[in-house]
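Keep in mind that what you see is a predicted model, and the values were worked out from it rather than measured.
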Amino acid sequence: MSFSSEIKEELVKLDTQARHCQIAELAAILIYSGAIKMAQTGDMTIDLASDAPFLAQRCHILWHFLSQGKVEAGMGDADSYRSQNSNAMKIPVEKVVQTIKYVSGDLSVNSLVLKSLCCKRAYVRGAFLASGSMSNPQKGYHLEFVCEAKEQASQLIDVLGAFDIRAKMVTRKRYRVVYIKESEEIVEILNVMGAHVALMNLENLRILKDMRNSINRQVNCEAANITKTVNAAAKQIEDIQYIKEHYGFENLPDHLRQMAQIRIEHPDATLKELGEYLTPAVGKSGVNHRLRKLSELAKERREAK
């Protein structure tokens with residue numbers, strides 16, 4: 001099962017107590033899924049896609065909450081909807097349209113059902129069930145809603161903004177896609193919708209990815225430091241060999257001659273280790289200063305030659 005399906009399966013099972021929130025969620029599902037259609041006779045119909053069992057399940061649950069205050073036997077089983085088609089959905093169209101305050105031809109949810117913050121949460125949940133999807137978080141972070149029109153997408157962006165979630169919009173063929181790529185904001189959307197199990201799973205994956213990335217950064221940093229140290233040591237030894245052949249150690253001051261000999265004898269030693277081999281011992285800065293003097297001398301001899 002995909003991560004999107006896991007989220008939707010969790011959302012379908014949520015128990016929404018407040019009637020106004022049930023209305024907001026049902027309105028989002030029906031409008032974002034394009035389920036409300038106008039027949040040639042002018043009558044409205046509700047046509048849920050047969051390949052969306054979660055939608056059918058959630059719509060029936062919400063409608064039975066709204067109309068009866070309870071869910072009929074078997075309504076909580078998603079498998080019972082997978083074998084049904086849209087014609088089998090027994091929902092009274094006129095009552096549903098009146099309840100969600102739907103305006104004919106409007107592709108956005110009526111603002112009257114989105115006054116409260118809790119209703120906005122339910123709206124986001126319904127929109128995700130109808131048109132949302134999320135990529136595999138092990139590969140990347142991307143959550144999106146596919147909207148029929150710009151006004152629909154704009155409304156969704158405004159509602160997400162109420163929770164400080166900064167969504168963006170892009171045109172894809174004839175659709176407007178509202179998307180979020182920041183992992184922190186995707187976590188917040190899951191929290192807003194009430195998908196807390198999916199949220200915890202995502203957080204666990206984020207922690208593992210962060211740990212792996214941190215380890216990789218440390219390994220890369222250490223490898224880079226080792227490479228830098230090896231290259232620096234090779235250059236120092238090359239300069240010292242040049243001085244030995246073209247200038248002579250006997251012409252060096254005592255402290256530089258000792259430094260040159262120690263470096264040649266210990267090509268793999270660090271600056272700290274080189275300083276401990278000297279008599280008297282000196283610190284890293286002192287070793288670095290002497291090696292720099294030797295490199296400058298080698299450069300001068302090369303240029304003079």
Side-chain angles (χ1 to χ4, degrees), residues 1-18 21 24-25 27-29 31-33 54-55 58 108-109 111 113-172 175-221:
M1 182 181 291
S2 67
F3 197 75
S4 290
S5 297
E6 291 178 10
I7 297 172
K8 292 182 179 182
E9 187 172 42
E10 181 182 356
L11 295 180
V12 165
K13 298 175 182 177
L14 287 181
D15 184 7
T16 306
Q17 296 293 337
C21 293
E25 183 177 346
I29 290 175
I31 292 174
Y32 274 79
S33 66
F54 291 137
L55 287 186
R58 190 61 176 172
S108 59
V109 175
S111 59
V113 304
L114 297 177
K115 290 184 176 181
S116 302
L117 201 62
C118 59
C119 294
K120 289 182 171 67
R121 292 179 181 272
Y123 161 89
V124 175
R125 180 165 57 247
F128 185 82
L129 282 169
S131 66
S133 64
M134 181 174 171
S135 63
N136 184 347
Q138 292 182 334
K139 298 179 180 179
Y141 300 115
H142 182 89
L143 186 148
E144 68 178 33
F145 302 80
V146 179
C147 304
E148 289 284 343
K150 183 177 181 180
E151 58 266 31
Q152 199 177 77
S154 298
Q155 183 183 48
L156 178 57
I157 290 174
D158 289 342
V159 171
L160 291 174
F163 301 99
D164 294 326
I165 299 172
R166 297 163 296 176
K168 297 180 181 180
M169 178 172 56
V170 66
T171 301
R172 185 186 300 162
Y175 299 102
R176 300 300 176 99
V177 179
V178 176
Y179 68 93
I180 301 96
K181 287 185 174 291
E182 295 296 330
S183 58
E184 292 83 2
E185 296 193 326
I186 291 176
V187 167
E188 182 58 28
I189 288 182
L190 295 178
N191 181 53
V192 166
M193 294 189 297
H196 299 124
V197 174
L199 186 155
M200 292 304 299
N201 291 337
L202 178 58
E203 286 286 43
N204 288 336
L205 287 172
R206 287 180 65 201
I207 291 171
L208 289 174
K209 287 181 70 174
D210 289 344
M211 288 178 61
R212 284 196 295 265
N213 291 338
S214 178
I215 292 172
N216 288 337
R217 282 194 296 269
Q218 283 185 315
V219 170
N220 292 337
C221 183

> Of all heavy-atom pairs between Ala153 and Val178, which one has the smallest distance, and what is that distance?
CB-CG2, 3.6 Å
> Looking only at heavy atoms, which two atoms of Val192 and Arg121 are closest? And how far apart?
CA-NH1, 3.3 Å
> Just do the side-chain contact (heavy atoms from CB on, under 4.5 Å) check on His196 and Asn191 with the steps written out, would you?
CA-CA 6 Å; His196 299 124; Asn191 181 53; 3.4 Å; yes
> Do you know which two heavy atoms are closest between Leu55 and Ser33, and how far apart they sit?
CD1-CB, 3.8 Å
> Looking only at non-hydrogen atoms, find the nearest pair between Leu117 and Ala162 and report the distance.
CD1-CB, 4.3 Å
> With rounding to the nearest 0.5 angstrom, report the CD to OG distance, Gln155 to Ser111.
7.5 Å
> I'd like to check Glu185 versus Arg166 (side-chain heavy atoms, cut-off strictly below 4.5 Å). Are they in contact?
yes
> Are Tyr175 and Glu148 side-chain neighbours, meaning at least one heavy-atom pair lies under 4.5 Å?
yes
> Measure the spacing between CD1 of Ile157 and CD of Gln152 and express it to the nearest 0.5 Å.
11.5 Å
> Within the 4.5 Å heavy-atom criterion, are Ser135 and Phe3 side-chain neighbours or not?
no
> Measure from the side-chain N and O atoms of Ser2 to the backbone N and O of Ser5, and report whether any donor-acceptor pair falls under 3.5 Å.
yes
> Measure the CD1-OG distance between Ile29 and Ser131 for me, rounded to the nearest 0.5 Å.
10.5 Å
> Just how far is it from atom OH of Tyr141 to atom CD1 of Ile186, taken to the nearest 0.5 Å?
8.5 Å
> Using side-chain contact (heavy atoms from CB on, under 4.5 Å), reason through Arg58 and Leu11 one step at a time and then give a plain yes or no.
CA-CA 9 Å; Arg58 190 61 176 172; Leu11 295 180; over 6 Å; no
> Any idea which heavy atoms bring Leu14 and Arg125 closest together, and the distance?
CD1-CD, 3.7 Å
> Taking the side chain as everything from C-beta on, heavy atoms only, tell me whether Glu144 gets closer than 4.5 Å to Ile180.
no
> Donor-acceptor check, side chain of Glu6 to backbone of Ala198, threshold 3.5 angstrom: yes or no?
no
> Could you list the donor-acceptor pairs under 3.5 angstrom formed by side chains in residues 199-211, with sequence neighbours left out?
unit_1 : atom_1 : unit_2 : atom_2 : d
Asn201 : ND2    : Val197 : O      : 3.4
Glu203 : OE1    : Arg206 : NH1    : 2.8
Asn204 : ND2    : Met200 : O      : 3.3
Arg206 : NH2    : Glu184 : OE2    : 3.4
Lys209 : NZ     : Pro137 : O      : 3.3

> Under a 4.5 Å cut-off applied to non-hydrogen side-chain atoms, are Ile165 and Val124 in contact?
no
> Would you name the heavy atoms of Glu151 and Ser108 that are closest together and state the gap between them?
O-CB, 4.3 Å
> Mind checking what makes side-chain contact (heavy atoms from CB on, under 4.5 Å) contact with Lys181, not counting sequence neighbours?
His142, Tyr179
> For a 4.5 angstrom cut-off between non-hydrogen side-chain atoms, does Lys150 reach Thr171?
no
> What is the distance from atom OG of Ser133 to atom CD1 of Ile7, rounded to the nearest 0.5 Å?
9.0 Å
> Would you call Tyr32 and Leu129 a side-chain contact if the rule is heavy atoms closer than 4.5 Å?
no
> For the residue pair Ile189 and Phe128, establish whether any side-chain heavy-atom pair is separated by less than 4.5 Å.
no
> Working to the nearest 0.5 angstrom, can you tell me the gap between Glu25 CD and Cys21 SG?
9.0 Å
